[in-house]
Every structure is written in structure tokens, then in C-alpha cells.
Amino acid sequence: MTTQADQEKIIVEAFINGQNVKSLSQLAKENPTNPSEIVGYFPVTTREQAVEAIEAAAGAFKTWKQTSVDERIMMMRKAIEKIRAAENEIVHLLSREHGKPLYDAHGEIYVSLMWMEFACNEVTSALQEEIKTHENGKTILSYDPIGVVAAISPWNYPIALSTIKIAPALLAGNTIVLKPSPFAPLAAAKVAEIIASEFPAGVINVVHGDADVGVELTTNPHVTKIAFTGGTATAKHIIRAASETIKDMTLELGGNDAAIFLASFDVHDERAMRRIVISNFLTTGQICMIAKRVYVHRSIYDEFVEKYIEAANRWIRIGDPFDSNTTVGPVNNLKQKNVVLGLVEDAQKRGAKVIPLGQILDQKLFDQGYFLQPTLVLDCDVHDPIVVEEQFGPTVPILPFDDEEQVIQLHNESIYGLTSSVWGTEDDAISVARQLEAGTTMINTAAVQGLDVRFPFGGFKQSGIGREYGAEGIRTYTEKHVINVPKTLDLPYIPE
Ligand code: NAD
């Protein structure tokens with residue numbers, strides 16, 4: 001339950017050139033479990049302050065890029081230790097401002113630190129200069145820092161999706177201006193400041209706000225790379241904004257990830273049924289890589305639905321994020337709650353059957369917060385909005401399919417292609433997986449449960465451009481620089 005200390009209001013300010021910078025106006029961040037409670041305040045950074053942050057990062061880059069990789073690793077490791085020491089405090093703040101249960105908030109720190117550690121261990125080899133001598137001389141390939149990175153993160157995993165950018169950008173010799181989402185700005189800002197305390201002034205800067213500040217970050221000529229995670233619609237604005245100065249970009253966007261259950265899947269496997277339920281409803285379904293549409297082979301469909309409901313009713317306990325019994329918290333914000341409600345109501349109007357799942361632990365709390373009871377949607381058409389759009393919340397459609405060719409087509413006709421999963425005997429599942437257009441396909445598991453930070457993560461089609469995680473997620477913060485020393489200096493076909 002919420003403690004006295006938790007009730008203290010947190011105030012964050014913009015962090016520019018190693019200093020907190022006072023702002024003229026502040027916005028309140030409410031607690032989604034109890035929207036009348038203010039968790040803290042965050043500033044509305046002005047465009048001028050955003051410019052100051054970018055100029056501070058550009059100034060710091062001149063010396064930061066000269067530091068050795070070993071020095072950077074040393075600082076990052078100290079920052080990791082400080083985050084670990086402050087984990088409980090961060091987790092409580094994250095739970096209160098976001099609405100995710102404590103275990104889930106700890107999970108976010110776990111994934112963040114796992115990646116930061118991996119990046120420290122991997123950066124030396126990822127950026128290793130290659131020197132090749134060949135019959136026509138010598139070539140040196142180096143991975144040089146790009147410059148000032150604008151890192152723009154979303155609200156669903158505010159810490160993980162900020163550190164996924166901060167760690168590799170800094171380790172590769174860049175400086176950064178981070179803008180967390182106004183729907184979850186506090187814990188991300190605290191973590192960024194903890195990291196910043198180990199680095200020279202100007203290397204990490206944090207600004208707050210929404211599209212206004214975002215536009216400065218994506219148009220300012222000093223910014224040479226944008227690392228964005230968020231919605232596909234926002235990414236389209238960003239691409240247009242950045243086109244004037246041709247910025248490098250990594251875009252991690254929306255998804256409509258399918259889970260495909262083949263005829264060889266064992267519906268009596270209770271652990272697997274639990275895994276799919278978690279893959280649909282962890283973080284109240286608000287994860288880019290959550291399984292958002294489930295296709296089940298018709299031969300096992302009826303039994304699958306029956307076992308799914310049993311498993312969901314066992315695992316889903318909707319309540320106070322601070323109650324250790326809770327597995328599913330409120331939706332993060334009213335806007336998102338209404339998006340999900342709209343899709344479910346639309347499906348119902350089209351004739352779908354909606355089945356509520358799980359147990360509401362505290363009805364009074366449920367009524368006061370942005371809670372939504374998770375639902376299963378049956379009998380919908382393959383092209384209904386609930387199936388083809390990203391719901392990003394606690395509802396999931398389950399549909400039957402007749403043959404693999406059909407389900408592969410349904411999977412691939414989406415505009416998205418972030419992750420997917422195939423469930424059944426391993427050989428069958430891998431054979432279908434090879435035909436899917438998705439950045440990651442997991443076998444017999446899905447979503448965060450199948451995430452491996454050692455390998456590149458990102459999407460096909462409108463799910464994004466580029467990859468985060470893995471060695472590639474470090475090199476994406478560099479420019480390849482080739483130094484050629486040819487033996488034959490004069491080309492034979494150019495006349496004297
Ligand atoms: P969003 O696009 O609304 O906002 C993301 C960030 O962009 C926020 O910080 C926001 O303030 C900022 N922003 C808004 N307008 C901007 C503009 N014009 N210029 C620059 N920045 C601007 O997304 P959201 O609602 O915070 O997050 C949910 C979305 O993110 C979902 O679609 C989800 O699938 C996606 N997501 C993708 C991944 C991934 O790795 N692919 C991970 C998590 C979330």
C-alpha cells in the first residue's frame with residue numbers, strides 16, 4: 001500500500017548543462033489509480049530552454065567525443081550502481097505516476113539495467129576499429145560518434161525506453177537531450193539525473209513538454225540524430241520535421257503483434273496458457289510488443305478459448321499497484337482508456353462477444369481510477385478495427401484460422417511488423433516464423449518474456465526504422481568513417 005513517503009510530491013525541473021533550470025510554469029502529474037492525487041510536478045520547457053539544452057549538448061560534445069571508451073564505461077558503471085541503490089525509491093515513484101504494479105516497475109528497472117550492463121560489456125567490441133590491408137593498400141573503418149542525439153521517449157516504459165537510448169549514445173561518444181513523455185515524466189527524469197551525476201556537464205540534458213519542445217528537438221540543426229520511441233502517427237511528423245536537416249534516425253513505433261497458435265499447440269499446457277495471458281495483459285496491455293491479436297487453429301479453437309478464460313481468470317487481479325496481490329493496474333491515462341473502450345464498443349456494435357476477465361480486487365478503487373476490466377473479444381471479423389488497429393490496452397481479440405497460408409497472410413497484411421509469436425511444436429513454429437514479416441518472432445512465448453537485449457530489436461514496415469539493443473543498438477549511434485590509403489593513386493581509365 002502507498003506509504004507516507006510516497007505521498008510526498010516530487011518536483012522535477014529541466015536539467016541543462018549540469019544544472020536544474022527553473023521554469024515559469026509547471027504541470028501536475030496525477031496518479032492514475034487515484035486521479036485526484038498529484039504525484040508531482042514537471043515543467044513546461046520553453047523553446048528557448050530547449051535550444052539552450054541542445055547548445056549545451058553541442059558544446060559538451062567537443063570534449064566528450066575525445067574521451068576513451070574505457071572512461072565512458074567507468075562512468076556508466078557508476079551510474080548503474082547508483083540506480084541499483086535507488087531502485088526502491090524509483091520503483092515507487094514509477095508505480096505512482098504510471099499505474100504499473102510494483103513487480104512490473106521492478107521489471108522495468110531489471111530490463112533497463114540488464115541493457116545498460118550489456119551495453120557496457122559490448123561497446124568495446126561493437127566499436128572496434130577495423131583495419132584491412134589488401135592488394136591495393138590499407139583501409140581503416142571506424143565508428144565515430146554522430147553528435148547531439150535528441151532522445152524522445154513514450155510513457156509506457158519511460159525508464160527502459162530512455163536508458164535504451166542514453167546508455168549506447170553516451171558510450172559511443174555522443175551527447176544527448178532527453179525528452180520524456182508528459183504522461184510519465186517523473187521517474188525517467190530522476191533516472192536521467194542519476195546518470196547525469198556521473199558525467200560531465202552538458203553530456204546529458206533533460207527537457208520536458210510535448211510536441212512544441214519535440215519540434216525544436218527534431219528541427220534544430222545542432223541535433224544530428226533522433227532516437228524516437230512512440231506512435232507511428234507522431235513519427236510521421238518527426239520525419240517531416242527532420243527532413244530539412246536530414247537527420248539520422250532510429251524510430252521504434254507501434255505494433256499490432258500477432259500470436260499464432262498452430263494445430264500442434266497443446267491447450268492443456270497450463271504454463272503456456274499463463275504465458276499467453278501475460279503476453280496480452282502485462283502492464284495493462286500497454287506495451288509495443290504485447291500480443292495484440294491472437295489467431296488459433298480452428299481444430300483447437302473452442303478448447304483454447306475455454307482454457308484461456310480459465311488461465312486469465314487465475315492470473316488477472318486488477319487493483320492497487322502497491323498491493324502485492326495485483327497483477328494488472330489502471331490504464332496510464334484517460335485518453336488511452338477511451339481509445340481502448342472505443343475499440344471494444346465498436347467491436348460489440350459489429351456483433352462481437354465481449355467477455356470480462358479477471359478479478360477486481362477493490363471495486364471502490366477501480367471506480368475512482370483509470371481502470372478498465374480486461375476483456376476478451378470473440379466472433380469478430382478479421383478486418384474489424386479491434387483486430388487491425390493497435391489497441392495498446394487491456395483487451396484482446398481471439399480469432400480462428402483454417403490453414404497456415406491464411407494466417408501468414410493475415411499476419412503480413414498489417415501495416416505493422418514489430419514482433420510476433422508462433423506456438424506449437426518447435427519445428428512447425430519455426431517454419432511458420434520464417435514466413436512472417438516482423439522484427440522479432442518468438443516461439444512458445446511472447447512480448448517481454450521473449451525479449452533478448454543481446455539481439456537487435458525493431459520493426460518491419462510502419463513499426464519503425466533501424467534497431468535498438470544488441471551490438472547494432474550501439475552502432476546505431478555512430479557514423480561509419482572509412483579512411484582509405486590506396487597504393488594505386490591514379491586511376492587507369494582517366495586520361496593524362
Ligand atoms: P506518442 O507518439 O504520443 O509520444 C511519444 C513521445 O513523442 C512523447 O514524448 C511525446 O511528447 C513526443 N511527441 C509528441 N509529438 C511530437 C512531435 N511532433 N515531435 C516530437 N516529439 C513529439 O506515443 P505514446 O502514446 O507516448 O506511446 C505509445 C506508442 O508508442 C504506441 O504506439 C506504442 O506501440 C509505441 N511504442 C513503441 C515501442 C517500440 O519499441 N517499437 C516501444 C514502446 C512504445
Side-chain angles (χ1 to χ4, degrees), residues 27 42 44-45 47 50 98 100 108 111-112 115 150-165 177-185 188-189 192 206-220 223 226-243 247 249-257 282-292 331-340 389-393 414-420 438-440 447-448 451 453 456-469 473 476:
L27 291 175
F42 64 101
V44 184
T45 306
R47 285 279 291 253
H98 185 282
K100 56 176 77 186
E108 181 165 349
V111 174
S112 307
W115 163 245
I152 302 174
S153 54
W155 51 263
N156 66 321
Y157 272 64
I159 295 174
L161 297 173
S162 297
T163 50
I164 200 175
K165 299 168 177 48
V177 180
L178 171 74
K179 192 196 81 58
S181 164
F183 289 110
V206 187
V207 295
H208 292 269
D210 206 2
D212 241 26
V213 175
V215 166
E216 187 59 49
L217 295 184
T218 51
T219 51
N220 190 299
V223 171
I226 297 169
F228 171 76
T229 305
T232 297
T234 310
K236 291 177 187 176
H237 290 293
I238 290 179
I239 292 169
R240 278 193 285 272
S243 67
K247 299 185 193 311
M249 325 187 172
T250 313
L251 303 175
E252 295 290 355
L253 312 178
N256 189 17
D257 301 8
L282 186 68
T283 319
T284 320
Q286 306 163 118
I287 311 184
C288 56
M289 61 188 306
I290 210 90
K292 293 172 182 149
V331 174
N332 168 267
N333 59 78
L334 199 52
K335 186 172 153 220
Q336 194 56 34
K337 179 177 167 177
N338 288 333
V339 168
V340 180
E389 289 177 20
E390 181 186 41
Q391 68 273 45
F392 214 64
S414 172
I415 58 163
Y416 299 111
L418 190 59
T419 78
S420 56
T440 305
V448 183
L451 182 69
V453 302
F457 178 86
F460 278 36
K461 299 183 276 185
Q462 293 190 34
S463 283
I465 298 177
R467 295 291 183 268
E468 291 186 308
Y469 286 148
T476 191

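These numbers were taken from a predicted model, which means no experiment stands behind them. All ligand and atom numbering here is 1-based and tracks the order in the structure. The basis for the numbers below is simple: all heavy atoms, side chains too, and nothing from hydrogens, waters or symmetry mates. Numbers for residues simply follow the sequence, beginning at 1.
Per-residue contacts place I152 under 4.0 angstrom from the following atoms of ligand 1 (heavy atoms of the residue considered): 6 (C), 7 (O), 9 (O), 12 (C), 20 (C), 21 (N). Every atom of ligand 1 with a heavy atom of N156 under 4.0 Å away is listed here by number and element: 43 (C), 44 (C). Every atom of ligand 1 with a heavy atom of L418 under 4.0 Å away is listed here by number and element: 41 (N). Within ligand 1, the atoms closer than 4.0 Å to a non-hydrogen atom of S181 are 9 (O), numbered from 1 in the order shown. Applying the 4.0 Å criterion to heavy atoms of L161 picks out, from ligand 1, the atoms 42 (C), 43 (C). Of all the atoms in ligand 1, the ones that sit under 4.0 Å from a non-hydrogen atom of P182 are 11 (O). Near G231, with a cut-off below 4.0 Å to any heavy atom, the atoms of ligand 1 are 1 (P), 2 (O), 23 (O), 29 (C), 30 (O), 32 (O). Residue F457 has at least one heavy-atom neighbour below 4.0 Å for each of these atoms of ligand 1: 40 (O).
Between A241 and T219, the shortest heavy-atom distance links the atoms O-CG2, 3.5 Å.
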* Which is it for L217 and K179 under the side chain to side chain contact (heavy atoms under 4.5 Å, CB included) test, yes or no, and what are the steps along the way? -> CA-CA 9 Å; L217 295 184; K179 192 196 81 58; 3.7 Å; yes
* Under the side chain to side chain contact (heavy atoms under 4.5 Å, CB included) rule, what do V340 and Q336 come out as? Steps first, then yes or no, please. => CA-CA 6 Å; V340 180; Q336 194 56 34; 4.2 Å; yes
* Check the pair Y416, D257 against side chain to side chain contact (heavy atoms under 4.5 Å, CB included), reporting the backbone distance first and the verdict last. => CA-CA 8 Å; Y416 299 111; D257 301 8; 5.7 Å; no
* Asked: Would E252 and I164 satisfy side chain to side chain contact (heavy atoms under 4.5 Å, CB included), going step by step from the backbone distance to the final call?
  -> CA-CA 11 Å; E252 295 290 355; I164 200 175; over 6 Å; no
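Applying the salt bridge (charged side-chain N to carboxylate O under 4.0 Å, His left out) test to K247 and every residue at least two apart in sequence or in another chain returns nothing.
Within the structure, the closest approach of S153 to ligand 1 falls below 4.0 Å when heavy atoms are considered.
Neither the backbone nor the side chain of F183 comes within contact range of ligand 1; no heavy atom lies under 4.0 Å. Neither the backbone nor the side chain of L217 has any atom closer than 4.0 Å to an atom of ligand 1 (non-hydrogen atoms only). Residue-level proximity to ligand 1 for E390 is carried by the side chain, the only part with a heavy atom below 4.0 angstrom.
Relative orientation of the H98 and W155 rings is tilted, given thresholds of 30° and 60° on the angle between their planes. Using cut-offs of 30° and 60° for the angle between ring planes, the F42 and H208 rings count as tilted.
Note: W115 and Y157 fail the aromatic proximity criterion, with ring centroids not under 6.0 Å apart.
Between the CD atom in E108 and the CG atom in N156 there is a gap of 8.0 Å [rounded to 0.5 Å]. Atom CZ in F183 sits 7.0 Å away from atom CG in N332 (nearest 0.5 Å). With rounding to the nearest 0.5 Å, the separation of CG in L282 from CD1 in I287 is 4.0 Å.
The nearest non-hydrogen atom to atom 30 (O) of ligand 1, considering only C288, A184, P154, G230, comes from G230. Residue nearest to atom 25 (O) of ligand 1, selected from F228, W155, Y469, Y416: W155 (by heavy-atom distance). Proximity annotation for atom 20 (C) of ligand 1: of A160, G214, G464, G214 comes nearest, heavy atoms only.
Inclusion of K292 in the set of residues having an N or O under 3.5 Å from an N or O of ligand 1 is not warranted. Checking only distances, L253 does come within under 3.5 Å of ligand 1, N or O to N or O. Considering backbone and side-chain atoms alike, H237 places every N or O at 3.5 Å or more from each N or O of ligand 1. At least one N or O atom of K179 sits closer than 3.5 Å to an N or O atom of ligand 1. For T234, a nitrogen or oxygen atom sits less than 3.5 Å from a nitrogen or oxygen atom of ligand 1, counting backbone and side chain alike.
N256 places a side-chain heavy atom less than 4.5 Å from the side chain of Q391.
In this structure, the protein non-hydrogen atom closest to atom 18 (N) of ligand 1 is A211 CB, 3.8 Å. E252 CB, 3.4 Å is the protein heavy atom nearest to atom 40 (O) of ligand 1. When only non-hydrogen protein atoms are considered, atom 33 (C) of ligand 1 lies nearest to F392 CE1, 3.4 Å. Protein heavy atom at the shortest distance from atom 10 (C) of ligand 1 is D210 OD1, 3.4 Å.
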Enumerate donor-acceptor pairs with a distance under 3.5 Å from any side-chain N or O in residues 228-239 to protein atoms, sequence neighbours excluded.
from: T229; atom 1: OG1; to: K165; atom 2: NZ; distance (Å): 2.5
from: T232; atom 1: OG1; to: G254; atom 2: N; distance (Å): 3.4
from: T232; atom 1: OG1; to: Q462; atom 2: O; distance (Å): 3.0
from: K236; atom 1: NZ; to: Q462; atom 2: OE1; distance (Å): 3.3

